[in-house]
Amino acid sequence: MAKELKELTPRGENYAQWYNDLVLKADLAENSAVRGCMVIKPYGYAIWEKMQRELDNLFKETGHVNAYFPLFIPKSFLSKEADHVEGFAKECAVVTHYRLKNDPEGKGVVVDPEARLEEELIVRPTSETIIWNTYKGWIQSYRDLPILCNQWANVVRWEMRTRLFLRTAEFLWQEGHTAHATEAEAVREAETMLNVYADFAERFMAMPVLKGLKSPNERFAGALETYCIEALMQDGKALQAGTSHFLGQNFAKAFDVTFINKDNKQEYVWASSWGVSTRLIGGLIMTHSDDNGLVLPPKLAPYQVVIVPIYKNQEQLQQISEKVAGITAALKARGISFKYDDNDNKKPGWKFSEYELKGVPVRLALGARDLENGTIEVARRDTLTKESVPVEHIDSYVARLLDDIQANIYKKAFDYRTSVTREVNSYEEFKEEIEKGGFLLCHWDGTPETEERIKNETKATIRCIPLEGDKTPGFCMLTGKPSAQRVVFARSY
RNA sequence: CGGGAUGUGGCGCAGUUGGUAGCGCGCUACGUUCGGGACGUAGAGGCCGCUGGUUCGAGUCCAGUCAUCCCGACCA
């Protein structure tokens, strides 16, 4: 049998290998000829498009508009905000020339040394600087505020080690950049977007997340406060799934962006920024998928239903296709996306395995036997169960089933997270428990030094200071100093 | 940038003490199949990463070089 071919490394054997196998074999993405950069294949990109559509709706509903800013940023811009440049300088791609010429020595082309740029350009690792340089021209008065822009773009961060979707040198994301008249409004914006991200993660990705604040060590370069959503992967490691930042007046000051307030006084503008990236696809994979392949939430699956005809000859296929036409019309009327795979080159068994690997939530199989009995076989990906049901009203049956799958995989992920989230009170215990993975709720004295020491000794970091839940004060598990509340420790991606 | 490994048909690999390259999958054609990755028959496809050396002869030995992957330090 050819079965071994697309077999995945089991999760229990090697989680990282399983993940890699899955991305490749489910046809989501592959490594490209460019080191650290991936090719997102059509099936993977379809998931991204679904994410984009839903997120974009949520952004629009909260009053944002889309715009586009340049890929290139003058090098001098980056250095205007001290923390920002320090955070990003080490991983910037730099454009130094604008022309090639034929190699005078013979083969190929070489950079034309005559064509050196007067000011070098960096490829954006994020766009705060170019955007605040631009906003300067847009803002004079409080009447010009707020500005609530988002852009869908690619960015480049020259990473040493990359992993498909989770960390690549170039990645796709959205970055919102807002400008406000007051501090409170900018903070509120950062919080609003955090809630949008959490809502998206839970409702669409079926991925439970913790909402929290980053510790100073983990804060975005240039931010006064970074909010985040943290998810927990099946191997017990945390994944930062989205961040929003309260930037204070740092960028306004760096780019001299001021406005006249209602009292006719000159004031610096308050800012926020927020983003999620194609990394979410990595999170999606590692939250739900199993040893048989991808498990996709119905709300983000490129197609929610696949229909496989089972036939012995063309007449049978003809009959089945006619029946399927009725089914697909009904599905379409309900807004359910589907694929009817009547490809004659592959056998049903092959298709079953293939769509399982690709995580299609619901599979319908229809054969001659079903035509006789008025039935259809329904298989659900999340539980790997199948049953034969009456073919009439299959559309409403499927609609319910999709909701059920969406809820079920969320619950499964939520229960898993609950089962590996626990309170730890001593550092001794912590060092033991961290090896098992999961979220550890611990008291911390609030100092970067303590966090740093824990990180060096255990590789665990503070994933977030939760906004919700238990706020009881206590004493730091390491130093015994007072702690305002428990924070979340984990090893992370 | 340190530590480890690997480069051989599209993919995954084998290749003995050096003797002129093989297997599985995939691909093409035809036939039989078709309710969980079908089978048969016949085909196509390879400067063995690159450069130099040793040798009558190198996928194999030596040197260099390039690339990729894994493990660490940095990060969404």
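Protein chains get the first letters and strands the later ones, always in sequence-line order, with residue 1 at the start of each. Hydrogens, waters and symmetry mates are skipped; everything else that's a heavy atom, side chains included, is used. Small disclaimer: the values here were computed from a predicted structure and weren't measured.
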Exercise. Determine, for Lys436(A) against Glu433(A), whether the closest basic-nitrogen to carboxylate-oxygen distance falls under 4.0 angstrom.
Key: yes
Quiz prompt | Ion pair Glu387(A)/Arg380(A), N-O distance below 4.0 Å | solution = no
Exercise. Specify the separation, in whole Å, of atom CZ of Arg124(A) and atom P of A76(B).
Key: 18 Å
Quiz item: What is the nucleic acid contact for Leu166(A), judged by heavy atoms within less than 4.0 Å: base, sugar-phosphate only, or nothing?
Solution: base
Distances under 3.5 Å between nitrogen or oxygen atoms of protein and nucleotides 30-34 of chain B:
| residue | atom | partner | partner atom | Å |
| --- | --- | --- | --- | --- |
| C34(B) | O2' | Tyr311(A) | O | 3.1 |
| C34(B) | N4 | Lys312(A) | O | 3.0 |

Quiz item: Taking the same atom, P, in C50(B) and in A67(B), what whole-Å distance lies between them?
Solution: 15 Å
Quiz item: Out of G35(B), G37(B), G36(B), which nucleotide sits closest to the side chain of Arg369(A)?
Solution: G35(B)
Quiz prompt | Result of checking Phe59(A), Phe246(A), Phe200(A) against Trp274(A) for ring-ring contact (aromatic ring centres under 6.0 Å, His included) | solution = Phe59(A)
Practice problem: With P as the reference atom in both, quote the distance from C11(B) to G4(B) in angstrom, rounded to an integer. | Solution: 28 Å
Quiz item: Would you say the side chain of Phe69(A) lies within less than 4.5 Å of the side chain of His177(A), judging by non-hydrogen atoms?
Solution: no
Practice problem: To the nearest Å, give me how far apart CZ (Phe352(A)) and P (A38(B)) are. | Solution: 11 Å
Exercise. Could you work out the separation of G59(B) and A14(B) based on their C1' atoms and round it to a whole Å?
Key: 12 Å
Quiz prompt | Derivation and outcome, side-chain hydrogen bond (donor to acceptor under 3.5 Å, both in side chains), residues Asn195(A) and Tyr227(A) | solution = CA-CA 10 Å; Asn195(A) 287 324; Tyr227(A) 298 80; over 6 Å; no
Self-check item: Shortest non-hydrogen contact between Tyr340(A) and Ile307(A), atoms and distance
Solution: CD1-O, 3.5 Å
Quiz item: Expressed in angstrom and rounded to an integer, what is the separation of Asp342(A) atom CG from G35(B) atom C1'?
Solution: 17 Å
Quiz item: Is any NZ, NE, NH1 or NH2 atom of the basic residue among Glu435(A) and Arg491(A) found under 4.0 Å from an Asp or Glu carboxylate oxygen of the other?
Solution: yes
Quiz prompt | Set of residues satisfying side-chain hydrogen bond (donor to acceptor under 3.5 Å, both in side chains) with respect to Trp158(A), sequence neighbours excluded | solution = none
Quiz item: Which stems does RNA chain B form, counting runs of 3 or more consecutive Watson-Crick or G-U wobble pairs with both distances under 3.5 Å?
Solution: B:1-7 with B:66-72, B:10-13 with B:22-25, B:27-32 with B:38-43, B:49-53 with B:61-65
Quiz item: So what does Thr168(A) hit on the nucleic acid, given a heavy-atom distance under 4.0 Å: a base, only sugar-phosphate, or nothing?
Solution: base
Exercise. Output all residues satisfying side-chain hydrogen bond (donor to acceptor under 3.5 Å, both in side chains) with Glu218(A), sequence neighbours left out; order by chain, then residue number.
Key: none
Self-check item: Atom-to-atom span, CG of Asp370(A) to C1' of G35(B) - whole angstrom
Solution: 8 Å
Exercise. State which residues pass ring pair (Phe, Tyr, Trp, His ring centres under 6.0 Å) with Phe352(A); sequence neighbours excluded, sorted by chain then number.
Key: none
Practice problem: Using a 4.0 Å heavy-atom cut-off across all strands, classify Gln240(A) as base, sugar-phosphate, or nothing. | Solution: sugar-phosphate
List every contact pair, protein side and nucleotides 66-72 of chain B side both N or O, where the distance is under 3.5 Å.
| residue | atom | partner | partner atom | Å |
| --- | --- | --- | --- | --- |
| C71(B) | OP2 | Arg161(A) | NH1 | 3.2 |
| C71(B) | OP2 | Arg161(A) | NH2 | 2.1 |

Quiz prompt | C1' gap between A21(B) and C1(B), integer Å | solution = 39 Å
Practice problem: On RNA chain B, check which nucleotide each of Ala241(A) and Ala368(A) is closest to and give me the residue with the more 5' one. | Solution: Ala368(A)
Practice problem: Please examine the side chains of Arg463(A) and Lys237(A), heavy atoms only from C-beta on, and report whether any two atoms are closer than 4.5 Å. | Solution: no
Quiz item: To the nearest Å, how far apart are Gln174(A) CD and A76(B) C1'?
Solution: 12 Å
Quiz item: When every nucleotide of nucleotides 3-8 of chain B is labelled 5' to 3' by its protein contacts under 4.0 Å (heavy atoms), B for base, S for sugar-phosphate only, - for none, what sequence of letters results?
Solution: ------
Self-check item: Pairwise C1' distance for U55(B) and U17(B), with rounding to whole Å
Solution: 16 Å
Kindly list each side-chain donor-acceptor pair under 3.5 angstrom involving residues 80-91 of chain A, sequence neighbours excluded, with atom names and distances?
| residue | atom | partner | partner atom | Å |
| --- | --- | --- | --- | --- |
| Glu81(A) | OE1 | Asp83(A) | N | 3.1 |
| Glu81(A) | OE1 | His84(A) | N | 2.9 |
| His84(A) | ND1 | Ala221(A) | O | 3.0 |

Self-check item: Candidates G37(B), G36(B), A76(B) - which lies nearest the side chain of Phe171(A)
Solution: A76(B)
Quiz item: For the pair made of CD in Glu377(A) and C1' in G36(B), what is the distance, rounded to whole Å?
Solution: 9 Å
Quiz item: Just wondering, more than 12 heavy atoms not from Phe414(A) lying within 6.0 Å of its CZ?
Solution: no
Practice problem: With sequence neighbours left out, write down each residue that passes ring pair (Phe, Tyr, Trp, His ring centres under 6.0 Å) with Phe171(A), or none if nothing qualifies. | Solution: Trp173(A)
Quiz item: Is the closest side-chain heavy-atom distance between Gln151(A) and Ser127(A) below 4.5 Å?
Solution: yes
Quiz prompt | Of the listed nucleotides G35(B), A76(B), G37(B), the one nearest the side chain of Arg157(A) | solution = A76(B)
Self-check item: Results of salt bridge (Lys or Arg N to Asp or Glu O under 4.0 Å) for Lys347(A) - residues two or more places apart only
Solution: none
Quiz item: NZ of Lys41(A) versus P of C11(B): gap in Å, rounded?
Solution: 12 Å
Quiz prompt | P-based separation of C13(B) from U8(B) [nearest Å] | solution = 9 Å
Self-check item: Stretch residues 281-305 of chain A: residues that reach within less than 4.0 Å of RNA chain B through a heavy atom
Solution: none
Self-check item: Integer angstrom distance from the C1' of G49(B) to that of G3(B)
Solution: 23 Å
Quiz item: Using atom P of each nucleotide, how far apart are A58(B) and A44(B) to the nearest Å?
Solution: 28 Å
Quiz item: Contact class for Lys386(A) (heavy atom, under 4.0 Å): base, sugar-phosphate, or nothing?
Solution: base
Exercise. May I ask you to decide if the ring planes of Phe255(A) and Phe251(A) are parallel, tilted or perpendicular, using 30° and 60° as cut-offs?
Key: parallel
Quiz prompt | Asp290(A): partners by side-chain hydrogen bond (donor to acceptor under 3.5 Å, both in side chains), with sequence neighbours left out | solution = Arg381(A)
Practice problem: Would you mind reading off the distance between Glu356(A) atom CD and G37(B) atom C1', rounded to a whole angstrom? | Solution: 10 Å
